[in-house]
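Down below is the structure, laid out as structure tokens.
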Amino acid sequence: MILKAVAQPPKIFWAPVLPALLSAGIQTPVMFMAVGMADINPLLFVISIVCLHLVFIGWGVKEPHLSTMIQAFGQTFKATQNLYPEGGSKFEP
């Protein structure tokens, strides 16, 4: 089970899961708001969603573990408190 997750990271239509879901989760509501408020043709948004998904596919081919890297960055990019009074943030035991 673990080896399968490492060797074959999850994908949605050949793109890494996290960037594809974030893109769809942001662009879809914006599309509905633009169509409802400004009467913009939704085909423009559909084309942009497809183009961005193709970019994610290419990015995922280059780096298959992109979703895992984004999650790891989010967990490690936290401000730390220094144990000793020095300038800057440092990881210390």
Side-chain angles (χ1 to χ4, degrees):
M1 180 77 79
I2 293 173
L3 292 177
K4 183 178 179 185
V6 170
Q8 299 173 341
K11 299 191 179 292
I12 294 179
F13 298 116
W14 306 283
V17 172
L18 193 59
L21 288 180
L22 286 173
S23 171
I26 292 171
Q27 286 187 339
T28 303
V30 170
M31 176 182 69
F32 285 124
M33 287 189 290
V35 168
M37 294 170 56
D39 199 28
I40 296 176
N41 188 355
L43 187 59
L44 297 172
F45 288 97
V46 172
I47 291 171
S48 73
I49 289 171
V50 170
C51 289
L52 192 57
H53 194 78
L54 291 173
V55 169
F56 289 145
I57 290 172
W59 205 2
V61 167
K62 183 178 177 186
E63 183 55 62
H65 298 282
L66 185 61
S67 295
T68 308
M69 289 171 48
I70 292 171
Q71 289 173 347
F73 177 76
Q75 292 174 0
T76 59
F77 193 68
K78 295 179 183 174
T80 61
Q81 292 187 358
N82 294 337
L83 295 175
Y84 308 106
E86 291 184 20
S89 295
K90 296 177 178 56
F91 288 107
E92 296 184 15

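What you see is a predicted model, and the numbers here were worked out from it, not measured in a lab.
The two residues Leu52 and Ser23 come nearest to each other via the heavy atoms CD2-OG, 3.1 Å. Nearest approach of Pro29 to Ala24, heavy atoms of both residues: CD-O, 4.0 Å. In terms of heavy-atom proximity, Lys11 sits nearest to Pro64 at NZ-O, 4.1 Å.
The CG atom of Leu66 sits 10.0 Å away from the CD atom of Gln71 when rounded to the nearest 0.5 Å. Atom OG1 in Thr28 sits 10.5 Å away from atom CE in Met33 (nearest 0.5 Å). In this structure, CD1 in Ile26 is found 11.0 Å from CD1 in Ile49, a value given to the nearest 0.5 Å. Annotation: the span from His65 atom NE2 to Ile70 atom CD1 amounts to 13.5 Å, rounded to 0.5 Å. Annotation: the span from Met31 atom CE to Leu44 atom CG amounts to 11.0 Å, rounded to 0.5 Å. With values rounded to the nearest 0.5 angstrom, Leu21 atom CG is found 10.5 Å from Phe56 atom CZ.
For the pair Ser67/Pro19, a side-chain contact is recorded, criterion being any heavy-atom separation below 4.5 Å from C-beta on. Residues Phe45 and Ile40 have side chains in contact (heavy-atom distance under 4.5 Å, counting atoms from C-beta outward).
By the criterion of side-chain heavy atoms lying less than 4.5 angstrom apart, applied directly or through intervening Ile, Leu, Val, Met, Phe, Trp or Tyr residues, Leu54 is grouped together with Val17 in one hydrophobic cluster. Hydrophobic clustering places Val30 together with Val35 (ILVMFWY residues linked when any side-chain heavy atoms are closer than 4.5 Å, directly or through intermediates).
Put simply, the side chain of His53 gets close to the backbone of Phe13: a donor and an acceptor are under 3.5 Å apart.
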